[in-house]
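Worksheet: the structure to be examined is printed underneath.
Just so you know, ligand 1 is whichever comes first in the structure, and atom 1 is the first atom listed for that ligand.
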Amino acid sequence: MPPRAPAAPVTLDAVELRVLHIPLVSPFTTSFGTETVREVIIVSAETSDGRGWGEVVTQSEPSYSSEYTQGAWDVLSRFLVPALLERRTFAPEEVAGVLRPVVGHRMAKAGLELAVIDAALRAEGRSFGQYLGAEKDRVPSGVSVGIQRDPAALVEAVGGYLDEGYVRIKIKIKPGRDLDDTAAVREAFGGIPLQVDANSAYTLADADTLAELDAFDLLLIEQPLQEDDLVDHATLAKRLRTPVCLDESIVSDKAAADALALGSAAIINIKAGRVGGYLEAVAIHDRARAAGIPVWCGGMLETGIGRAANAVLAALPGFSLPGDISASARFYTQDIVTEPAVIEDGHVRVPTGPGLGVEIDAAALERFTVRRERITR
Ligand code: SMG
Ligand code: MG
């Protein structure tokens, strides 16, 4: 992989924050709840050389993680944005250090950092892919399928996605909706690449049930136990033939190092928001690659902004499994970029234009905005 060259410093004049409410094409149900509208924060960094865009992937409630949209808004507007404006001129690689005195709030930090990176790269005319070291021009597209009314409805939903060309299916599971759902999909579609995601819904006491999933030849089981259960995940991994993949638990490169040292994860789901930014995500990628641990790019129902960034991240060489990088239309009838991601032959194109390589659809952005604030020095 060629060395990654740092970006030139930017001078930050203002940051605009918006909360958007974007309707989902269909409800999305996980072990912790159902969403019908995506509530997301869009960040715009205004620099002396132009504007950049970022996305904060929190949800409206602190269910997937402790972060949530109103909390992210508060920490961004009162602490994170003022800290960057105070520093005024800095390189994108310095953002994490400037924000480090604020503990946690990684999704908020990631969205702000992305807006700065995008502004800096657009000013240089360099693509995010060149900056991160992307090596592919398209990435395989997997889809995450929420819990449905019953296994028959799940089979129908999965069949629809397979018809669209998705190359890997992930189904959400929770206690009581695990073995039958997985069996139904396996039975209906034979040897398709299939994995399950529990979103922390189990404890070690459920190990016997989880071991029954071994019968279905899954690519992996994602985050069966709680975020801070690294040791229990290592114990569970010894009981299962199915590889354990961590999502929620990997909150940083340090957490990834600990998980690998403990044997808690055979595979890692990398999400830039969860780990505090795309540069931290790349550090985890590099660490996992050196250790021979496969990684794949997770999703947080991103708009076209985060979806473009994720496609670029997934084009790094260590991303050896298909990610949750589906077409925009899997979630939205209207996106906020002019050319939303589409699936072609089971793949999503990696953008190559300056910065994130996508342009904002100003009218759509405006239509979905429910709150906005422009913060200046
Ligand atoms: O963006 O395709 C997507 C969603 C993928 O299932 C997905 N994300 O735990 O991996 C995960 C979930 C987190 C969001 S659940 C609301
Ligand atoms: Mg997950």
Side-chain angles (χ1 to χ4, degrees), residues 22 24-40 55-69 106-107 110 139-148 154 157-158 161 164 166-174 181 194-202 218-227 229 233 243-251 259 265 267-275 281 295-311 313-314 321-332 335 340-343 348:
I22 315 179
L24 296 180
V25 291
S26 57
F28 187 56
T29 300
T30 63
S31 63
F32 56 76
T34 298
E35 262 183 294
T36 55
V37 171
R38 181 73 179 110
E39 182 181 85
V40 65
E55 171 167 354
V56 176
V57 299
T58 49
Q59 298 181 281
S60 56
E61 293 174 11
S63 317
Y64 165 82
S65 84
S66 63
E67 291 191 77
Y68 64 104
T69 305
R106 293 181 172 94
M107 293 178 185
V139 293
S141 185
V143 65
S144 173
V145 187
I147 296 169
Q148 309 289 316
L154 176 64
V158 168
Y161 291 122
E164 288 179 49
Y166 287 100
V167 300
R168 180 277 274 152
I169 299 291
K170 155 169 144 180
I171 62 172
K172 295 287 188 177
I173 58 167
K174 65 177 183 180
D181 284 64
L194 179 65
Q195 62 194 54
V196 296
D197 185 0
N199 285 110
S200 310
Y202 296 88
L218 301 174
L219 289 171
L220 55 91
I221 176 170
E222 182 177 344
Q223 196 70 36
L225 314 178
Q226 297 287 300
E227 176 176 319
D229 280 346
H233 274 110
V244 171
C245 169
L246 291 183
D247 173 356
E248 284 89 327
S249 294
I250 307 298
V251 296
I267 298 171
I268 294 176
N269 164 335
I270 298 185
K271 288 179 183 166
R274 195 193 61 224
V275 304
V295 303
W296 55 281
C297 183
M300 291 294 289
L301 300 85
E302 282 85 353
T303 72
I305 297 173
R307 202 166 290 277
N310 285 348
L313 182 67
L321 291 168
D324 284 342
I325 306 179
S326 45
S328 167
R330 186 261 172 264
F331 290 112
Y332 306 113
D335 205 321
V342 294
I343 176 167
V348 165

Please check: side-chain N/O of Glu55 versus main-chain N/O of Thr303, any donor-acceptor pairing under 3.5 Å? yes
Identity and distance of the protein heavy atom lying nearest atom 14 (C) of ligand 1: Met300 SD, 3.8 Å
Applying side chain to side chain contact (heavy atoms under 4.5 Å, CB included) to Met300 and Met107, what does each step give before you reach the verdict? CA-CA 11 Å; Met300 291 294 289; Met107 293 178 185; 4.2 Å; yes
Atoms of ligand 1 close to Glu222 [distance to a heavy atom under 4.0 angstrom, numbered from 1]: 10 (O)
Going by heavy atoms in the side chains, are Arg38 and Phe28 under 4.5 Å from each other? no
Distance filter under 4.0 Å to Asp197 heavy atoms, resulting ligand 1 atoms: 9 (O), 10 (O), 11 (C)
Would you check, one step at a time, whether the test side-chain hydrogen bond (donor to acceptor under 3.5 Å, both in side chains) holds for Ser65 with Glu248? CA-CA 7 Å; Ser65 84; Glu248 284 89 327; over 6 Å; no
Please check if the number of heavy atoms outside Phe32 that lie under 6.0 Å from its CZ is greater than 12. yes
Taking 4.0 angstrom as the limit and counting only heavy atoms of Asp247, give me the atoms of ligand 1 inside it, by number and element. 9 (O), 10 (O), 11 (C)
Who's the nearest protein heavy-atom neighbour of atom 8 (N) of ligand 1, and how far? Gly299 O, 3.0 Å
To the Mg ion (ligand 2), the closest N, O or S atom belonging to Asp197 is OD2
Under 4.0 Å from one or more heavy atoms of Phe32, ligand 1 contributes atoms 15 (S), 16 (C)
May I ask whether Arg330 places a heavy atom under 4.0 Å from ligand 1? no
Under 4.0 angstrom from ligand 1, any heavy atom of Gln223? no
N/O of Tyr64 under 3.5 Å from N/O of ligand 1, yes or no? no
Which pair of heavy atoms, one from Gln195 and one from Leu219, lies closest together, and at what distance? OE1-CD1, 3.6 Å
Quick one: angle Asp247 OD2 - the Mg ion (ligand 2) - Glu222 OE2, to the nearest 10°? 90°
For residues Ser249 and Gln223, is any side-chain donor paired with an opposing acceptor at under 3.5 Å? yes
Are side-chain heavy atoms of Val57 and Lys271 found at a separation under 4.5 Å? no
Closest approach of any protein heavy atom to atom 12 (C) of ligand 1, naming residue and atom: Lys172 NZ, 3.1 Å
Show which atoms of ligand 1 fall inside a sub-4.0 Å distance from at least one heavy-atom site of Thr30. 15 (S)
Considering the heavy atoms of Glu35, write down every atom of ligand 1 situated less than 4.0 Å from one of them. 16 (C)
In this structure, CG of Leu220 is separated from CG of Asp247 (nearest 0.5 Å) by 10.5 Å
What one should report as the nearest heavy-atom pair of Leu321 and Trp296 is O-CB, 3.4 Å
List ligand 1 atoms under 4.0 Å from Gln59, heavy atoms only on the residue side. 16 (C)
For atom 2 (O) of ligand 1, what's the nearest protein heavy atom and its distance? Phe331 CE1, 3.3 Å
Region of Asp324 engaging ligand 1 - heavy atom pairs below 4.0 Å: both
Protein contact to atom 1 (O) of ligand 1 [nearest heavy atom, distance to 0.1 Å]: Leu301 N, 2.7 Å
Is there a donor-acceptor contact under 3.5 Å linking the side chains of Asp324 and Ser144? no
min-distance protein heavy atom vs atom 6 (O) of ligand 1 -> Ser144 OG, 2.7 Å
So the atoms of ligand 1 within less than 4.0 Å of a heavy atom of Asn199 turn out to be 9 (O), 11 (C)
Among Thr30, Asp181, Asp197, exactly one meets side-chain hydrogen bond (donor to acceptor under 3.5 Å, both in side chains) together with Lys172. Which residue is that? Asp197
